[in-house]
Amino acid sequence: MTTTPALDPARTALLVMDCQPAILAGLPEDGREALIGRLEEAVAAVRTAGGAVAHVRVGFTEADWDAIPGTNRAFAPAARHRALHHEDPATAFHPRLAPRDGDLVVRKTRFGALSTTDLDRLLRERGITTLVVSGVSTSGAVLSTVLDAADRDYRLLVLSDGVADPDPDVQDVLVRRVLPSRAQVLDTVALRALLRPDGGA
């Protein structure tokens, strides 16, 4: 039986992505509240162990909208309708998952957490080599970030109960069939075990 190596909190960061009212609104209310609760627990566990927490949100300035070409099927509508302005309260972090002093905070303008931010540099400056990925949505921010981070050689874990997608069928396929090719998929209980000094033994 393969044993999962314990996590070194000093080299681990939990990414909490797109947990903003405008994005969370796409989830069923009961599922949304349950997700936020589990993410609160994961954030607390990582902080207690001494790991880093990185908060990632999507939001646009006027210049960001103007830079989106009409050929971008995912983001051209946002530019056309001037949606998700970075100062709109709907793009703020959910208050139960708000950043604290010492956390990493970035704003992105595409799906992935690394491609339009300086997050990769900030992580490497802290010696982070392992990313625990969570947030909304699995088919957008989570998938894009995992694929990009895998190419950058991070050790990757995805929280199976800490990610969500508006489409439950897509969620199921990604978590069971797609993401395991790049990341270890585990739940928040298993994460807490790996953060313990004994690695959950």
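Side chains of T188 and E41: no donor on one and acceptor on the other come within 3.5 Å. With hydrogens and angles left out, the side-chain atoms of T91 and R57 include a donor and acceptor closer than 3.5 Å. Under the 3.5 Å distance criterion, with hydrogens and angles disregarded, no donor-acceptor pair is assigned to the side chains of D187 and S160.
By the 4.5 Å heavy-atom criterion applied to side chains, H86 and R107 are counted as neighbours. When side chains are defined from C-beta on, T130 does not count as touching D8, because their heavy atoms never get closer than 4.5 Å. Here the side chains of L159 and V133 are not in contact, with every heavy-atom distance at 4.5 Å or above. Side-chain contact between T109 and F75: absent, with no pair of heavy atoms (C-beta onward) separated by less than 4.5 Å. Between C19 and I36 the shortest side-chain heavy-atom distance does not fall below 4.5 Å. Under the 4.5 Å side-chain criterion, counting only non-hydrogen atoms from C-beta, D64 is not in contact with I68. In this structure the side chain of R124 reaches within 4.5 angstrom of the side chain of Y154, judged on heavy atoms. Residues M17 and V136 have side chains not in contact (no heavy-atom distance under 4.5 Å, counting atoms from C-beta outward).
Crowding of R121 atom CZ: a count of heavy atoms from other residues, nucleotides or ligands under 6.0 Å exceeding 12. Residue-environment remark: CD (E125) exceeds the threshold of 12 foreign heavy atoms within 6.0 Å.
Checked for salt-bridge contact, D18 and K108 meet the test: a charged N lies under 4.0 Å from a carboxylate O.
From W65, atom CH2 reaches atom CZ of R82 across 6.0 Å, with rounding to the nearest 0.5 Å.
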Next on the checklist: One pair to check against side-chain contact (heavy atoms from CB on, under 4.5 Å): R47 and L14. What are the steps and the verdict?
Outcome noted: CA-CA 9 Å; R47 283 190 176 128; L14 171 64; over 6 Å; no
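Note: H55 and F93 have perpendicular aromatic rings, judged against thresholds of 30 and 60 degrees for the angle between ring planes.
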